[in-house]
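What follows is a single structure, written as structure tokens, with notes after it.
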Amino acid sequence: MPPPADIVKVAIEWPGAFPKLMEIDQVSNADSTNFYITEKNRNNIKNGSILRLTTSAAQMAQQLHERIQSSSMDMKLDALKDLANSSRDITFAQEFINLDGISLLTQMVESGTERYQKLQKIMKPCFGDLLSFTLTAFVELMDHGIVSWDTFSVAFIKKIASYVCKSAMDTAVLQRSLAILESMVLNSQDLYQKVAQEITIGQLIPHLQGTDQDIQTYTIAVINALFLKAPEEKRQFDEDNVNILDCPLTVSCNVLHLSKILFLVFQNVIRSNKPINDEMAHQLYVLQVLTFNLLEDRMMTKMDPQDQAQRDIIFELRRIAFDVECESNNSGSFEKRKSMYTRDYKKLGFINHVNPAVDFTQIPPGMLALDNMLYFARHHQDAYIRIVLENSSREDKHECPFGRSSIELTKMLCEILKVGELPSENCHDFHPMFFTHDRSFEEFFCICIQLLNKTWKEMRATSEDFNKVMQVVKEQITRALTIKPNSLDQFKSRLQNLSYTEILKLRQSERMNQEDFQSRPILELREKIQPEIMELIKQQRLNRLCEGTCFRKISSRRRQDKFWYCRLSPNHKVLHYGDLEESPQGEVPHDSLQDKLPVADIKAVVTGKDCPHMKEKGALKQNKELLELAFSVLYESDEYLNFIAPDKHEYCVWTDGLNALLGKEMTSEFTRSDMDTLLNMEMKLRLLDLENIQIPEVPPPIPKEPSNYDFVYDCN
């Protein structure tokens, strides 16, 4: 008779004795991974596990609660170290919090440091460890989401902020302090105001200028959090009369001055010799997105045709272009002046020659387009005048309308950079060149408007070709951005190599690679081959599931380095999964994954908003990309296994593989792409005239280098 399903064989490790194999039907002790076994997680126990009998969570919490209040520094230090380790477990955390442990820790931070201030000079290492373990325990306890962040006093906030503002502070203490400030800001609007008033940009700059990348990452994370939580009305700022370094972050983190922080980050982080890790890359991406989102207000603001101050900007564009001063009301008749303005506005390329202010009532790009035009006219005056005069001297049908082009180009750049969208939780796609200039978007526009004029001439375009030119320019810009230039000059150089002729060559090459023959015999051959290719794709997806993938656990508090792994068994009958302490370097063996899910028990696979973990987080702001990476496996009646894929590729691989296991169609965009690529390749191989041609089994040898290179010359 087989043993009951709820009975497992485990080895119990008694204090001072060897582990002994026993059968148990209830476990309430801690194993070697230091988490308590409860009714909720007892199913994680697997055959052969070694469990360790230890003090119950309630007793352990009571003992540590008493020990951390000891008058002995050594006992206090040991107790705080144990507390920092134990607080990772939610069972212990709940018991310690029930004893009002969070309040005790905050009191120790508020007053304890003063109590031991005299000892700091003679016991500095001990003092640093004491505070470090205290803050670590606090962070771990709060990470469980049991206690609200709104309960903390101003004194506690000031104390944590003081650790960040000190010039010389223990690295571990500084790191925990920055993490606490970030969490306070992200989880409470009230705490955002209090934290932001305590810190200035000048106090954070030394941490950016240091060499510890973890400290730099946490510092940027705090800036991002403060900026993300800032109300809209805080985003206006008098940049001429106030020094950014002395401003509280309620002001300086929410204005265009943030671009100055980008330059500091570029100098001290991006240009450093250390490779940028994933978390830093994500924070840099978030900083870039939030900086560009400052443009959203101008992008969505319509111009008021009756606003004289706004109309004066258009007058300024006319003055710079044609070197004329605004005539007084008495100079000439009204009709004469109106005719002169209309002529000049037509040369400037506005759609509405009589009242060009109407052109800026379209949103997006709204007033942002006018801002870009004025920046170009003032800071690149020669190029601006050349473009305007050059086009005004052409025939009407061949002129490149500067005004209309600038408006459409600004709209295009906002789409490319996704201005106004929330940052993604899983993206690391930052562009170093946008960190090199305090007006990077405006400079980006200036480069692209000159590119547009150059491409217009290369295409010999007319007014009817306007949309075609814009499509080519968009392709040139996106292709240049893919190489992630380190500077705006590198971006400009890349665009020089992407002329209209080069774009045509690239398009032709891609078209030939994707050529689809339409004759009937070819279509019949494709139809015959397609099932074979689909089976090949299916096997590839299942093989990838057998290799497995590491998934990141996303917390509502902040990004967490907590992982779990899932893989399919070689016989395709069971999904093995389990938590990991850190991201694995390779495949994780099946026997190290605690949980199993038979494929036969899977009822369905759901994606996006239909996933339970997306519905549960409905109160949080979920951006589009996170929803696009979410999927869940439904089994039994109401049980779910929830996933958030690390990227779009893994999402497609797993949803395809799971659908294949269920006998359903694989419908992802990657499947369609793989089908097209493999099918076209197979078609070309089968259509090759290979009769009487012997195909070698090994590649041909590489020829020797020539004796000289005199035949090489520079075509340019």
Side-chain angles (χ1 to χ4, degrees), residues 15-16 29-30 34-36 52-144 146-149 151-181 183-184 191 194 198:
N29 305 311
N34 290 324
F35 73 89
Y36 281 91
R52 176 166 48 86
L53 286 176
T54 188
T55 310
S56 69
Q59 281 187 314
M60 177 71 77
Q62 183 64 48
Q63 291 174 5
L64 288 177
H65 191 272
E66 295 172 357
R67 287 170 57 199
I68 62 176
Q69 300 179 71
S70 170
S71 57
S72 168
M73 283 290 291
D74 290 337
M75 184 176 292
K76 180 188 285 287
L77 185 61
D78 289 340
L80 286 170
K81 184 177 180 180
D82 292 341
L83 179 62
N85 290 327
S86 301
S87 296
R88 298 187 181 95
D89 178 69
I90 190 169
T91 306
F92 169 85
Q94 184 67 68
E95 295 293 342
F96 189 79
I97 290 171
N98 290 342
L99 296 173
D100 208 16
I102 293 285
S103 297
L104 178 59
L105 291 178
T106 56
Q107 290 171 13
M108 290 174 62
V109 172
E110 291 173 20
S111 60
T113 51
E114 295 174 3
R115 180 181 175 187
Y116 297 107
Q117 199 166 16
K118 294 180 180 179
L119 297 173
Q120 184 177 359
K121 294 180 181 179
I122 58 174
M123 302 180 66
K124 189 171 183 180
C126 181
F127 175 80
D129 290 341
L130 186 77
L131 189 54
S132 172
F133 290 137
T134 303
L135 296 179
T136 301
F138 176 84
V139 170
E140 295 293 346
L141 290 169
M142 292 302 298
D143 189 31
H144 297 296
I146 300 172
V147 179
S148 170
W149 284 90
T151 58
F152 299 108
S153 66
V154 175
F156 179 72
I157 297 170
K158 286 180 177 292
K159 185 63 68 173
I160 297 297
S162 70
Y163 300 146
V164 173
C165 298
K166 285 183 180 178
S167 57
M169 178 54 67
D170 180 79
T171 301
V173 173
L174 178 58
Q175 186 173 333
R176 303 299 186 278
S177 299
L178 288 167
I180 292 170
L181 292 180
S183 297
M184 285 179 172
L191 290 184
K194 296 174 181 176
E198 295 296 324

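Note that the structure is predicted; figures quoted are calculated from it, not measured. Computed over heavy atoms, backbone and side chain alike; hydrogens, waters and symmetry mates excluded.
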Report the C-alpha separation of Leu178 and Tyr163 in whole Å, then their side-chain angles, then the decisive distance to 0.1 Å, and conclude whether the side-chain contact (heavy atoms from CB on, under 4.5 Å) test is met. CA-CA 9 Å; Leu178 288 167; Tyr163 300 146; over 6 Å; no

Rounded distance (nearest 0.5 Å) linking atom OG1 of Thr54 with atom CZ of Phe92: 10.5 Å

Under 3.5 Å donor-acceptor, Ser148 side chain and Thr151 backbone: no

Answer yes or no: is there a side-chain heavy-atom contact under 4.5 Å between Leu131 and Asp170? no

For the student: nearest non-hydrogen atoms of Leu83 and Ser87, plus distance: O-OG, 2.6 Å

Return the CG to CD distance between Leu105 and Glu110, rounded to the nearest 0.5 Å. 11.0 Å

Got a second to check how far Thr106's OG1 is from Ile157's CD1, nearest 0.5 Å? 11.0 Å

Side-chain donor-acceptor pair present, Gln63, Gln59, cut-off under 3.5 Å: no

Please name the pair of heavy atoms, one in Phe152 and one in Leu191, separated by the smallest distance, quoted to 0.1 Å. O-CD2, 4.4 Å

Distance (rounded to the nearest 0.5 Å) between Met60 CE and Thr55 OG1: 4.5 Å

May I have the step-by-step check of side-chain contact (heavy atoms from CB on, under 4.5 Å) for Leu64 and Asp82, ending in yes or no? CA-CA 8 Å; Leu64 288 177; Asp82 292 341; 3.9 Å; yes

Taking the side chain as every heavy atom from C-beta outward, state whether Lys81 and Leu77 have any atom pair closer than 4.5 Å. no

So does Gln94 get a backbone contact from the side chain of Asn98, meaning a donor-acceptor N/O pair under 3.5 Å? yes

Looking only at non-hydrogen atoms, find the nearest pair between Ser177 and Ile160 and report the distance. O-CG2, 3.6 Å

Which value, rounded to the nearest 0.5 Å, describes the distance between Ser162 atom OG and Glu198 atom CD? 9.0 Å

What are the two closest heavy atoms between Arg176 and Ser132, and how far apart are they? CG-O, 4.4 Å

Give, for atom OG1 of Thr134 and atom CD1 of Ile68, the distance between the pair rounded to the nearest 0.5 Å. 7.5 Å

Output yes when a side-chain donor or acceptor of His65 lies under 3.5 Å from a complementary backbone atom of Leu99, and no otherwise. yes

Answer yes if the ring centres of Phe138 and Phe156 are under 6.0 angstrom apart, and no otherwise. yes

Minimum heavy-atom distance between Val147 and Met142, given as atom pair plus value: O-CE, 3.4 Å

Derivation and outcome, side-chain contact (heavy atoms from CB on, under 4.5 Å), residues Met108 and Lys76: CA-CA 11 Å; Met108 290 174 62; Lys76 180 188 285 287; 4.0 Å; yes

Correct closest heavy-atom pair for Ser70 and Met75 would be OG-SD, 3.5 Å

Quick check: do Ile102 and Phe96 have side-chain heavy atoms less than 4.5 Å from each other? no

Side chain Glu95, main chain Thr91, donor-acceptor under 3.5 Å: no

I want to check something: taking the side chain as every heavy atom from C-beta on, are Arg67 and Asp78 in contact at a cut-off of under 4.5 Å? yes

